[in-house]
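Notes follow the structure.
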Amino acid sequence: MKFQHLYPTPRETEWQQGTFTPGGFVSADEDSRYALAAFLHALYTLPLTEGDGNIRLIQDEAISNKEGYEIRISETAEIRARSLRGFIYAAATLSQLVSETGTLPFCRIADEPYKAVRGVHMYLPPADGIGEFCRIIDALAHLKYNTLILEIGGGMEYKRHPEINDAWRKFCREARSYQGGPRGIQSSQADWKNSTHVELAGGGVLTQEQMKEIAAYVRGRGMELIPEIQALSHSYYLTLAHREIAERPYEPFPDTYCPSNDASYQLYFDVADEIHEVLQYDKVSIGHDEVRILGYCPRCRGKSGHELLAGEICRLHEHYKAMGVEVWMWGEKLQDFIAFNGKRSGGQALDTTDRFGRRWLLPATYEAIDKVPRDIVMLDWYHSQGNFTEKGFLDRGIKEIYGNFRGSSLDNWQKRSQTGNVMGAEVSTWCVANEDEIGRNGWFMEFVFSSAVLWQADYECDRRREFLMRTAQKLADIRAIIRGEACTQNTAFLPVENPEKTQAVSAAADAEFILPSLSRIAPDGKISFASSAAEAVIAPDRKCDTITFLHGADFTDRDVPKRVFTWFFQDSSPRILAHYVIEYEDGIYTSVPVEFGVAVGSLHSDFSWRYPDAGEKRFDDESQDNTEGKITEKPPRCTMNDDWLDAAMYFTDVLPVQLDGRDSALYAWTYKNPRPETAIKSIRLVSNKETSVPLQLCGILV
């Protein structure tokens, strides 16, 4: 017996005949903090019984890696690990071994991570979303992430400086109502201003008690909490409360403080110290990404960018070092390398004008790398622009982490990750820290894919499709953890009545990885597939808790909508392709909108990748050069041809199929029935005449 579904794949597995019935967990030391029975039961709903238990948790210093673990199950069962993290990761693996009857297979599993840092960057959650945020942390622990970089900004209660919280709330309101929204603010000056991050804490403020609860929860799941306390750039939360420290105080929304003003540091250190009192951190990120304003004010004028940046970083480092805190920072302004399009990238000088003819000057800063302390850990988010961006840090003995990481798209990871100074990577979200926005932006797919890239030592980019298929299968578990519910067991497949036309759809070889219930839908490998032109009708005549629609959007003669991320703050209604109208037996109707990218994806998605053009920007990031260029070397990253697939893979179960000889996909989207106590008389598909995109309906699971 071999469990192919274990994710990430353990390094060593041995399987024997026989099964073991778990009854609970005991520790060799009854007072040991490694007694994880409550955690396991709450997170994975393992069939544990009351009593002393029959699985022993043993703290074993002989395990070489501090995050490693070993599971031994035969007539007896043991979990061995050196640390809390090791036991949590063992629990994540153990949960995937439990059979439908509640037994565990006889086996031995020994495992440890490939990279030491496996992180995620998120904003503080809204106050009313802390519970959901904690379930997301559960999912990250299940995926064996060990680091959370949590951006604080103006979203924590500051008792020393309540004016910061007042300014933050006001800024978030004004940014959302500004012409063009927050991106309108970004384009309001000659430089492309820093992103506003108004999604942080939902535009509100968390109390210090709520912050302590979050910190305790994160650490209880074995994750290191690293607050990001933005300095220099992305400093709206400081400069709007104290405009006197802004580099350009005359701006309506200054985003950068003056690095030559002592008052800037006095305010920043007050904030950092208060956050330390609340969170008790021993590592901190000081931000510094997208520094675009330097040398404007009378104090700074005449100084080089290298001098200004290095002096400011050193001053922050001195303060944190005295506190015993390790400093991390975004490092692109210290870099100098040739990108894949042949252009110099990093902290280069810039002299240009905006669309109003206003001049924008930015001095070079890359020489500051030789003036900053070597013990600062750099977050290298330009790793996707060049094939050896880590060289500048490596040559100087500076450790780094790939920031804004997308393991699903980075090429040559196996070679680059073995560079001596690369400690690991972190996936950034840049959106409200909730299920809806993280899912819409495709980050749950990336959490799952990248977790295996960072944990398994055997990932190669030529295995990308294999890992994508396994990611798609794993996402169902992640949804269940985040929603705090068990996986839905659908009971019947209802074909479309009186379809206008039908087509034979054969399941692709990958189908077993994506939709395990396919055998119930189409035992012979064929699916009756109906067009939506006749407004197909299905008559369940039964009660149900959930309804799963199996469908796909046919853009054969139309352009697929351009990918839109939530940080563009755009209305999603144009992407409503159709509605399912549900009629209940008591005559009440309800309408369920089908949104492209969330409830359904493109029928002809081909699950393939392409390499970017020379001037192609990633996520429409205005800070990246998109002028004419010529590719001089193979790009270090690729992009999924289906821009929406990563979001659709989270909200639906994606089923690859062959349709008319083409690679295609069906999407099984599960809707929670708001009236489970009343039988459904009929479900009717009504296409949106404004979009005129046929929603091809295969059938419904209830």
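Throughout, residue positions are numbered sequentially from 1 according to the sequence presented. In this text the structure is predicted, and so the values were computed from the model without any measurement.
- Each of Asp643, Asp646, Asp642 was evaluated against Arg563; a single residue qualifies, Asp646, per the salt bridge (Lys or Arg N to Asp or Glu O under 4.0 Å) test.
- Between Ile576 and Thr691, the shortest heavy-atom contact is O-CG2, 3.6 Å.
- A donor-acceptor pair shorter than 3.5 Å cannot be found between the side chains of Thr365 and Glu367.
- A donor-acceptor contact closer than 3.5 angstrom is absent between the side chains of Asp370 and His306.
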Item to check | Test log, rule side chain to side chain contact (heavy atoms under 4.5 Å, CB included), inputs Thr429 and Tyr123 | outcome: CA-CA 8 Å; Thr429 56; Tyr123 295 146; 5.8 Å; no

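- Salt bridge annotation for Lys212-Glu209: present, with a cationic side-chain nitrogen under 4.0 angstrom from a carboxylate oxygen.
- Proximity of a side-chain donor or acceptor of Ser235 to a complementary backbone N or O of Leu238 within less than 3.5 Å is not detected.
- Across Tyr158 and Asn165, no two heavy atoms sit closer than the pair N-OD1, 2.9 Å.
- In this pair, His383 and Phe405 present their aromatic rings tilted. The plane angle is within the 30 to 60° band.
- Ring pair His197/Trp567: centre-to-centre distance not below 6.0 Å.
- For CZ of Arg374, the number of neighbouring non-hydrogen atoms (other residues, nucleotides, ligands) closer than 6.0 Å is greater than 12.
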Checklist entry - Should Leu140 and Val120 be marked as a side chain to side chain contact (heavy atoms under 4.5 Å, CB included) after you check the CA-CA gap, both sets of side-chain angles, and the distance that decides it? => result CA-CA 8 Å; Leu140 295 176; Val120 169; 3.8 Å; yes

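- A donor-acceptor contact under 3.5 angstrom links the side chains of Glu437 and Thr566, judged on distance only.
- Taking OG of Ser285 as the start and CG of Leu150 as the end, the distance is 11.0 Å to the nearest 0.5 Å.
- A donor-acceptor distance shorter than 3.5 angstrom exists from the side chain of Asn194 to the backbone of His234, with no hydrogens or angles considered.
- Under a 4.0 Å N-O distance rule, the pair Asp380/Lys399 does not qualify as a salt bridge.
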Item to check | Steps toward salt bridge (charged side-chain N to carboxylate O under 4.0 Å, His left out) verdict (Arg248, Glu251) | outcome: CA-CA 6 Å; Arg248 299 198 308 203; Glu251 282 190 13; 2.4 Å; yes

Next on the checklist: With side chain to side chain contact (heavy atoms under 4.5 Å, CB included) as the criterion, how do His317 and Asp375 come out once you've worked through the C-alpha distance, each side chain's angles and the decisive distance to 0.1 Å?
Outcome noted: CA-CA 9 Å; His317 178 270; Asp375 60 354; 2.7 Å; yes

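- For the residue pair Tyr382 / Glu390, no side-chain donor-acceptor distance below 3.5 Å is found, with atom types taken as modelled.
- Note on ring orientation: taking the six-membered ring where Trp is involved, the planes of Phe171 and Phe253 are tilted (angle from 30° to 60°).
- Residues Lys193 and Ser188 have side chains that never bring a donor and an acceptor to within less than 3.5 angstrom of each other.
- Taking CD of Glu446 as the reference point, atom CD1 of Ile438 lies at 13.0 Å (rounded to 0.5 Å).
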Checklist entry - Between Asp273 and His319, is a side chain to side chain donor-acceptor pair (under 3.5 Å) present by the stated rule, with each step listed? => result CA-CA 10 Å; Asp273 290 350; His319 180 82; 2.9 Å; yes

Next on the checklist: Pair Glu595, Arg440 - check salt bridge (charged side-chain N to carboxylate O under 4.0 Å, His left out), show working.
Outcome noted: CA-CA 11 Å; Glu595 181 183 345; Arg440 285 173 180 270; 2.6 Å; yes

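- The residue from Trp669, Phe444, Trp443 that alone fulfils the ring pair (Phe, Tyr, Trp, His ring centres under 6.0 Å) condition with Tyr650 is Phe444.
- Judged by distance alone, the side chains of Glu332 and His288 never bring a donor and an acceptor atom under 3.5 Å apart.
- No donor-acceptor contact under 3.5 angstrom links the side chains of Gln335 and Ser345, judged on distance only.
- For the 3.5 Å distance criterion, the side chains of Asp270 and His161 qualify, holding a donor opposite an acceptor.
- For Met649 against Thr471, the heavy-atom pair with the smallest separation is CE-CG2, 4.3 Å.
- Separating the CG atom in Asp351 from the CG atom in Leu361 is a distance of 4.5 Å, to the nearest 0.5 Å.
- Checked against the 6.0 Å centroid criterion, the rings of Phe596 and Trp644 qualify as a close aromatic pair.
- Side-chain contact check for Trp330 and Glu228: at least one donor-acceptor pair (N or O, by modelled atom type) lies under 3.5 Å.
- In this structure, the side chain of Ser450 engages the main chain of Gly407 through a donor-acceptor pair within 3.5 Å.
- Distance alone, capped at 3.5 Å, places no donor-acceptor pair between the Thr389 side chain and the Gly386 backbone.
- Put simply, CG on Leu232 and OG on Ser264 are 9.0 Å apart, with the number rounded to the nearest 0.5 Å.
- No cation-pi contact links Arg183 to Tyr178, judged by a cut-off of 6.0 Å to the six-membered ring centre and 45° from its axis.
- In Gln280, the CD atom is crowded: over 12 heavy atoms of neighbouring residues, nucleotides or ligands sit closer than 6.0 Å.
- A cation-pi geometry, defined here as NZ or CZ lying under 6.0 Å from the six-membered ring centre and within 45° of its normal, holds between Arg315 and Tyr265.
- Once rounded to the nearest 0.5 Å, the distance linking CD1 of Ile293 with SG of Cys258 reads 12.5 Å.
- With Gln208 as reference, Glu274 is the one residue of Glu213, Glu274, Glu277 to meet the side-chain hydrogen bond (donor to acceptor under 3.5 Å, both in side chains) rule.
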Checklist entry - How far apart are the C-alpha atoms of Ser260 and Leu308, what are their side-chain angles, what is the distance that settles it, and do they pass the side chain to side chain contact (heavy atoms under 4.5 Å, CB included) test? => result CA-CA 8 Å; Ser260 301; Leu308 288 169; 3.6 Å; yes

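- Taking CH2 from Trp381 and CG from Asp289, the interatomic distance works out to 7.0 Å, rounded to the nearest 0.5 Å.
- Counting only distance, with no hydrogens or angles, the side chain of Trp168 and the backbone of Gly204 share a donor-acceptor pair below 3.5 Å.
- For Tyr366 (side chain) and Phe337 (main-chain N/O), no donor-acceptor pair under 3.5 Å exists by modelled atom type.
- Smallest separation of non-hydrogen atoms from Ala139 and Ile482: CB-CG1, 4.0 Å.
- When every heavy atom of Tyr320 is checked against every heavy atom of Ile229, the shortest pair comes out as OH-CD1, 3.9 Å.
- A donor-acceptor pair under 3.5 Å is absent between the side-chain atoms of Arg575 and the main chain of Gly597, judged by distance alone.
- A salt bridge links Lys283 with Glu224: at least one charged nitrogen is closer than 4.0 Å to a carboxylate oxygen.
- A salt bridge is defined here as a Lys NZ or Arg NE, NH1 or NH2 lying under 4.0 Å from an Asp or Glu carboxylate O, and Glu163 with Lys170 fails to meet this definition.
- A donor-acceptor contact shorter than 3.5 Å links the side chain of Thr239 to the backbone of Pro254.
- Across all non-hydrogen atoms, the minimal contact from Glu426 to Gly403 is OE2-CA, 3.3 Å.
- In summary, the side chains of Asn404 and Trp430 do present a donor paired with an acceptor at a separation below 3.5 Å, with no hydrogens or angles considered.
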